[in-house]
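So you know, we letter chains A, B, ... as the sequences are listed, proteins then strands, and number each from 1.
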Amino acid sequence: MPIEILMPALSPTMEEGKLSKWMKKEGDSVKPGDVIAEIETDKATMEVEAVDEGKIARILIPEGTDNVKVNTPIAVLAGDGESVAAAAKAPVQQAPAGMEEAAESAAPAVAEAPAVREAPAKAPAAPKLRELADPDLPSGTEMVTMTVREALRDAMAEEMRRDGDVFVMGEEVAEYQGAYKVTQGLLEEFGARRVIDTPITEHGFAGLGVGAALSGLKPVVEFMTFNFAMQAIDQIINSAAKTLYMSGGQMGCPIVFRGPNGAAARVAAQHSQDYSAWYSQVPGLKVVQPYSAADAKGLLKAAIRDPNPVVFLENEILYGQSFEVPKLDDFVLPIGKARIARAGKDLTIISFGIGMTYALKAANELASLGIDAEVIDLRTLRPLDFDTIIESVKKTNRAITVEEGWPTNSVGSHVASEITVRAFDHLDAPVIKVSGKDVPMPYAANLEKLALPSVADVVEAAKAVTYR
Amino acid sequence: MAKAERKAEKPVTSPAIVSNARPTLATSKNDPPALTQKQERDAFEMMLLIRRFEERAGQMYGMGLIGGFCHLYIGQEAVVVGMQMAIGEGDQVITGYRDHGHMLATGMDPKGVMAELTGRRTGYSHGKGGSMHMFSREKNFFGGHGIVGAQVSLGTGLAFANRYRGNDRVSLTYFGDGAANQGQVYESFNMAELWKLPVIFIIENNRYAMGTSVARSSAQTDFSRRGLSFNIPGEQVDGMDVRAVKAAGEKAVAWCRAGKGPYILEMLTYRYRGHSMSDPAKYRTREEVNKFRDEQDPIDMVRARLIERKWATEEELKEIEKRIRDIVTEAADFAQAGPEPDPSELWTDITH
């Protein structure tokens with residue numbers, strides 16, 4: 001029975017990739033462990049190793065093919081004693097095999113085993129739902145499409161070109177080009193003095209960064225994920241956030257802590273935590289959480305220029321999503337200003353970061369039900385732009401909040417409380433929070449899905465506050 | 001024992017005091033390099049200022065004029081005064097919460113420090129930092145940090161900034177024997193040596209982390225060896241003798257300025273007072289304290305040398321003492337006369 005070799009997944013979030021190169025040709029013998037091909041995603045290039053012994057009977061996907069879905073058969077292997085010619089003619093199963101079956105038959109091993117810290121790769125394209133242009137943009141501004149990942153990289157590169165005191169440090173930011181490829185190309189342009197690979201030592205390098213900032217430099221400290229920043233949270237809060245106050249205004253700390261925050265995919269409880277509520281509680285910090293690539297770029301540039309410590313919460317699922325970004329020489333957005341992402345009159349949906357994907361999709365579904373939702377992207381969690389929220393609620397008289405984080409003492413809790421205080425007389429329904437469930441993130445695919453909020457949850461909440 | 005295991009190229013000479021399982025008295029067999037008359041007199045004056053300042057702070061605490069935590073530096077004066085004599089313009093100083101001595105030694109105004117202790121608008125942090133959180137950009141004093149060990153990573157960052165800027169400044173990063181057991185200290189050691197950062201890790205071993213003696217808390221009680229696995233040279237120094245501190249400091253500073261990376265100085269010292277003002281002091285005997293005070297007091301030793309060499313007369317020293325007393329009295333008066341912060345200050349300086 002010929003064996004099908006399937007397109008492997010290199011990381012928890014990979015769904016497709018490029019088959020960049022075949023290292024073997026039809027008729028070649030392979031042994032387990034032989035590198036047979038190279039595949040590539042937007043974040044990494046990896047080698048595919050053979051699991052079984054045999055001869056390559058047929059190559060199904062030529063090299064250079066983009067967007068090969070995970071588990072698509074890419075080659076057929078004739079096993080011991082089988083005829084290569086016969087194997088080459090064997091019918092190929094078109095539907096991708098299930099994961100278990102693939103693992104048993106011919107799922108190629110990845111040369112570099114994905115470790116816990118290994119970066120997952122890519123995500124589906126974002127819904128193109130930017131319905132309102134940014135009012136801050138000059139009319140006629142040319143827009144270019146880029147991913148959130150590229151926008152973040154460009155923001156850092158532009159600020160590093162502008163100011164010699166800006167440097168980037170973190171694990172794998174330089175030679176590896178970033179665990180999530182966010183710092184790709186920075187080492188080449190700025191050199192090892194300004195793009196610094198650290199040991200795996202979050203507490204230590206966070207403190208070192210704060211010390212450098214106290215002396216006037218402007219570090220951009222990347223955490224591979226904010227889950228690991230829990231080891232450094234004392235330096236972020238006790239040293240970075242409080243020193244200006246404790247020094248009577250003498251000693252500021254111009255530093256950016258950035259990296260992916262929140263759930264990725266299938267990485268379970270310790271690697272899937274949303275710190276939005278944690279950091280946004282702390283006076284002395286600014287907390288930014290962009291959704292779109294344009295906001296990622298404009299706000300990261302603002303964060304780097306800000307004289308205060310800024311916690312910049314990114315999201316791994318969003319890294320690969322593309323958005324329109326204004327093509328301007330120096331596109332900087334104000335920290336502390338929310339954006340109305342979709343205008344509407346029936347209710348206000350307040351969200352931020354990846355929560356916006358649920359909010360915007362739900363708004364579209366609601367439109368088909370005749371409910372016209374206004375969607376606010378908070379963009380900054382501290383200081384929080386309550387004026388925009390309250391103004392909207394005064395118009396719609398109803399509000400729901402959407403976030404992936406836990407419900408207890410969440411950002412939504414705070415927003416709901418402020419709406420109640422500031423716009424009580426305008427409310428026609430209680431403010432409802434849509435959030436992740438109050439559980440550690442489970443691993444199993446079905447449970448993970450249940451733990452996260454869904455578009456249906458948002459639609460349901462919207463119907464509840466509009467009594468539909 | 002420790003010395004033999006060190007690599008030959010690492011500088012290891014120092015007043016040889018090797019502590020064993022129990023804390024030992026710091027006793028110099030060989031005298032360290034002598035100071036000049038002016039240096040001895042300056043050291044005497046600064047150490048005396050710190051001592052009298054701290055004694056007054058203790059009194060004012062007892063009177064309820066100073067609140068919260070208040071950690072006095074009495075007994076340890078030679079450490080910071082000797083190190084200040086070894087550094088130059090632009091070198092940075094950072095320490096933990098037992099920080100009044102460091103502030104005075106870097107030249108910060110006693111009035112501003114005392115007014116901060118009393119929580120007044122005229123204090124260095126406008127009354128918003130208190131005993132443990134004061135800073136002076138002008139004097140390159142970077143705090144004043146209340147979380148045990150946090151200043152070690154921060155001080156390493158100051159050294160990182162020096163190297164980034166390509167200057168030859170050195171970061172003096174002070175911490176105690178207690179902080180020396182914190183994990184981030186070793187994270188910092190690793191990066192400091194890896195990147196050859198100009199930082200002197202000054203471990204003020206005053207024998208007790210709050211109430212826990214070094215022997216009860218530390219598997220390796222010779223703190224100068226704590227950098228060995230990172231290849232950071234270290235030595236033990238008689239921290240009661242300002243001359244020894246200065247000599248060791250100069251060597252460490254030269255090492256750092258030459259781009260050779262970090263250096264560890266373990267200062268064997270002793271704190272006469274409690275950990276903070278509310279210390280029951282049940283963990284050590286009065287005899288132990290008295291033995292240090294009587295035999296190795298850093299100020300008495302300088303005083304004796306000044307008299308012995310006829311570098312100062314009793315009258316001159318009394319004159320200095322009076323001047324110091326006046327400075328401290330002036331600081332105490334200033335600290336009590338100053339207004340409390342305006343209530344509006346609650347909301348200032350949270351962010352720029």
Report which part of Q250(A) has an atom under 4.5 Å of a heavy atom belonging to chain B: side chain, backbone, both, or neither.
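Q250(A) touches chain B through backbone and side-chain heavy atoms alike.
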Which bit of [X] comes within less than 4.5 Å of chain A, counting heavy atoms only: side chain, backbone, both or neither?
X: E116(B); answer: neither
X: T348(B); answer: backbone
X: M134(B); answer: neither
X: F141(B); answer: backbone
X: I94(B); answer: neither

Shortest non-hydrogen separation from [X] to [Y] and the atoms involved:
X: P199(A); Y: N190(B); result: CG-ND2, 3.6 Å
X: R193(A); Y: Y164(B); result: NH2-O, 2.6 Å
X: M251(A); Y: F142(B); result: SD-CD2, 3.4 Å
X: D197(A); Y: W195(B); result: O-CZ2, 3.4 Å

Between atom [atom1] of [X] and atom [atom2] of [Y], what is the distance when rounded to the nearest 0.5 Å?
X: T351(B); Y: L285(A); atom1: OG1; atom2: CG; answer: 10.0 Å
X: I237(A); Y: I147(B); atom1: CD1; atom2: CD1; answer: 10.5 Å
X: L244(A); Y: D349(B); atom1: CG; atom2: CG; answer: 5.0 Å

Just wondering, are more than 12 heavy atoms of other shown residues or ligands nearer than 6.0 Å to [atom1] in [X]?
X: Q336(B); atom1: CD; answer: yes
X: Y186(B); atom1: OH; answer: yes
X: E189(A); atom1: CD; answer: yes
X: Q281(A); atom1: CD; answer: no
X: N409(A); atom1: CG; answer: no

Is there a donor-acceptor pair closer than 3.5 Å between any side-chain N or O of [X] and the backbone N or O of [Y]?
X: S125(B); Y: M246(A); answer: yes
X: Q235(A); Y: A150(B); answer: yes
X: N308(A); Y: H352(B); answer: yes

Name of the residue among L158(B), T156(B), L154(B) meeting side chain to side chain contact (heavy atoms under 4.5 Å, CB included) with L208(A):
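When L158(B), T156(B), L154(B) are each tested with L208(A), the side chain to side chain contact (heavy atoms under 4.5 Å, CB included) holds only for T156(B).
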Side-chain donor-acceptor contact under 3.5 Å, S247(A) with R137(B):
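There is no such pair (donor and acceptor under 3.5 Å, judged by atom type) between the side chains of S247(A) and R137(B).
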Are H203(A) and Q184(B) linked by a side-chain donor-acceptor pair shorter than 3.5 Å?
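Looking only at side-chain atoms, Q184(B) and H203(A) do form a donor-acceptor pair, the distance falling under 3.5 Å.
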Quick check: do N238(A) and H145(B) have side-chain heavy atoms less than 4.5 Å from each other?
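No, every pair of side-chain atoms sits at 4.5 Å or beyond.
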Could you check whether any side-chain heavy atom of H133(B) comes within less than 4.5 Å of a side-chain heavy atom of Y245(A), counting everything from C-beta outward?
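H133(B) does not reach Y245(A) side chain to side chain.
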What residue in [options] has the most heavy-atom pairs under 4.5 Å with chain B?
options: G249(A), P309(A), P219(A); answer: G249(A)
options: T198(A), L214(A), V210(A); answer: L214(A)
options: G209(A), A213(A), S215(A); answer: S215(A)

Do F167(A) and F160(B) pass the ring pair (Phe, Tyr, Trp, His ring centres under 6.0 Å) test, and can you show the C-alpha distance, the side-chain angles, and the key distance before you say yes or no?
CA-CA 12 Å; F167(A) 67 93; F160(B) 175 91; 5.0 Å; yes
Please determine, among K128(B), E345(B), H126(B), the option with the most heavy-atom pairs under 4.5 Å with chain A.
K128(B)
